[in-house]
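All chains are named by letter (A, B, ...) in the order of the sequence lines, taking the proteins before the strands, and each is independently numbered beginning at 1. As a basis for the values below, the full set of heavy atoms in this structure was taken, side chains included, without hydrogen atoms, waters or symmetry mates.
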Amino acid sequence: MKRRPDDPTPVDAAPPLRRLRRAELPVATISLARYLIGKILVREDSSGRASGRIVETEAYPPGDASGHAFRGPTPRLRSLYLERGHAYVYFTYGSSYMCNVTSEAAGVGAGVLLRALEPLEGIPSMIRRRGMSRRLDLARGPGRLAAAMGIDRRCDGVDLCAAGELWLAAAPWPRGAIGRSVRIGITREVDRPLRFYERGNLFVSGPRPLRT
DNA sequence: TATGCGATATTCT
DNA sequence: GAATATCGCATAG
């Protein structure tokens with residue numbers, strides 16, 4: 001299957017999905033953030049399957065002052081310290097869940113924030129969960145992504161490389177060029193270019209200059 | 001299109 | 001009591 005990054009039309013037939021094995025995931029946080037662009041996030045629950053293509057990520061590597069684990073482990077951060085390929089989900093701003101993919105070795109608190117998806121399957125259920133139907137905005141931004149996929153604290157700690165309610169799949173078609181920028185919405189280490197996205201993809205969040 | 005602001009829950013100081 | 005890896009609405013241009 002071939003597809004342009006700026007094509008907003010729905011994909012007719014769901015592409016076959018192959019689950020990613022942990023061994024395929026880069027260990028290093030920044031490598032993983034780049035690697036995940038173009039891969040698929042799959043959600044399966046009682047309402048069926050929803051999936052989306054990852055088009056934007058941010059790396060929060062070990063020692064980064066804006067990373068949650070910077071001040072050491074706390075109970076809430078437990079899953080952030082899991083072996084790579086697990087979900088770290090937390091709630092913030094009184095309104096939004098954030099979904100991260102853990103990175104590095106077990107015992108190291110680091111991860112990759114999933115910031116935006118290009119919706120593929122289960123779009124009606126995403127619309128239902130989001131309470132709006134503009135396809136471009138369904139999963140554009142980390143809080144929206146979690147809402148569209150029905151991700152909440154119950155997903156915290158889930159193994160994304162195993163069959164279950166939430167998992168990762170290989171890219172169904174070649175991705176476009178990857179862009180790189182500073183991260184969005186942080187107050188420390190603001191100059192590190194640790195945000196990655198598919199260039200020109202209309203489902204990427206952030207101001208225009210950060211999408212080209 | 002761009003910017004500003006309030007809402008709201010949880011965690012850590 | 002402060003801060004927060006945000007969102008959606010309001011208002012202005």
Can you pull the salt bridge (charged side-chain N to carboxylate O under 4.0 Å, His left out) pairs that have at least one residue in residues 199-212 of chain A, sequence neighbours excluded? none
Give every residue pair that meets the salt bridge (charged side-chain N to carboxylate O under 4.0 Å, His left out) criterion with at least one member in residues 78-91 of chain A, sequence neighbours excluded. A/Arg22-A/Glu83
Can you give me the N/O atom pairs linking the protein to nucleotides 11-13 of chain B at distances under 3.5 Å, or say none if there are none?
{"residue": "B/dC12", "atom": "OP1", "partner": "A/Thr74", "partner atom": "OG1", "Å": "2.4"}

Which part of the nucleic acid, if any, lies within reach of A/Arg115 when heavy atoms closer than 4.0 Å are counted: base, sugar-phosphate only, or nothing? sugar-phosphate
So A/Tyr60, base contact, sugar-phosphate only, or nothing? Heavy-atom distance under 4.0 Å. base
How many Å lie between [atom1] on [X] and [atom2] on [N], as a whole number?
X: A/Asp152; N: B/dT10; atom1: CG; atom2: P; answer: 12 Å
X: A/Leu145; N: C/dA5; atom1: CG; atom2: P; answer: 17 Å
X: A/Asp156; N: B/dT10; atom1: CG; atom2: P; answer: 14 Å
X: A/Tyr97; N: C/dT4; atom1: OH; atom2: C1'; answer: 15 Å
X: A/Arg208; N: B/dT3; atom1: CZ; atom2: C1'; answer: 17 Å
X: A/Tyr93; N: C/dA2; atom1: OH; atom2: C1'; answer: 13 Å
X: A/Leu202; N: B/dT1; atom1: CG; atom2: C1'; answer: 16 Å
X: A/Arg183; N: C/dT4; atom1: CZ; atom2: P; answer: 14 Å

Looking at DNA chain C, which of [range] put a heavy atom within less than 4.0 Å of it?
range: residues 81-90 of chain A; result: A/Tyr90
range: residues 30-41 of chain A; result: none
range: residues 186-193 of chain A; result: A/Ile186, A/Thr187, A/Arg188

Do nucleotides 8-13 of chain C as a string where each nucleotide becomes B, S or -: B if the base has a protein heavy atom under 4.0 Å, S if just the sugar-phosphate does, - if no protein is that close. S-----
Could you measure the distance from the CZ atom of A/Arg183 to the CZ atom of A/Arg188? Nearest 0.5 Å is fine. 10.5 Å
Given the rule that I, L, V, M, F, W and Y join up when any side-chain heavy atoms are under 4.5 Å apart, are [X] and [Y] in one cluster?
X: A/Val89; Y: A/Leu168; answer: yes
X: A/Val101; Y: A/Phe196; answer: no
X: A/Val158; Y: A/Tyr88; answer: no
X: A/Leu120; Y: A/Trp167; answer: yes
X: A/Val55; Y: A/Leu136; answer: yes

Just list the side-chain donor-acceptor pairs under 3.5 Å for residues 105-116 of chain A, sequence neighbours left out, or say none.
{"residue": "A/Arg115", "atom": "NE", "partner": "A/Glu56", "partner atom": "OE2", "Å": "2.9"}
{"residue": "A/Arg115", "atom": "NH2", "partner": "A/Ser205", "partner atom": "OG", "Å": "3.3"}

Search all heavy atoms of [X] against all heavy atoms of [Y] and return the closest pair with its distance.
X: A/Arg19; Y: A/Glu24; value: O-OE2, 4.2 Å
X: A/Leu160; Y: A/Leu166; value: CD2-O, 3.6 Å
X: A/Leu20; Y: A/Ala169; value: CG-C, 3.7 Å
X: A/Arg195; Y: A/Val204; value: NH2-CG1, 3.4 Å

Do A/Glu165 and A/Arg154 sit within salt-bridge range, that is, some charged N less than 4.0 Å from a carboxylate O? no
Pairs under 3.5 angstrom only: tabulate donor-acceptor contacts from the side chains of residues 27-40 of chain A to other protein residues two or more places apart or in another chain.
{"residue": "A/Thr29", "atom": "OG1", "partner": "A/Ser103", "partner atom": "OG", "Å": "2.7"}
{"residue": "A/Thr29", "atom": "OG1", "partner": "A/Glu104", "partner atom": "OE2", "Å": "2.7"}
{"residue": "A/Lys39", "atom": "NZ", "partner": "A/Tyr35", "partner atom": "O", "Å": "2.8"}

Verify, without hydrogens or angle tests, whether A/Glu198 (side chain) and A/Gly176 (backbone) share a donor-acceptor contact under 3.5 angstrom. yes
Can you give the dot-bracket line for DNA chain C, using ( ) for pairs inside the strand, [ ] for pairs that cross earlier ones, | for pairs with another strand and . for unpaired bases, where Watson-Crick and G-U count if both distances are under 3.5 Å? ||||.|||||||.
In the hydrophobic cluster built from side-chain contacts under 4.5 Å, what are the other members alongside A/Phe70? none
Among all residues two or more places apart in sequence or in another chain, which pass the side-chain contact (heavy atoms from CB on, under 4.5 Å) test with A/Arg129? A/Arg43, A/Asp45, A/Ser47, A/Ala50, A/Ser125
Would you say that A/Tyr90 contacts A/Leu77 through its side chain, given a criterion of any heavy-atom pair below 4.5 Å between the two side chains? no
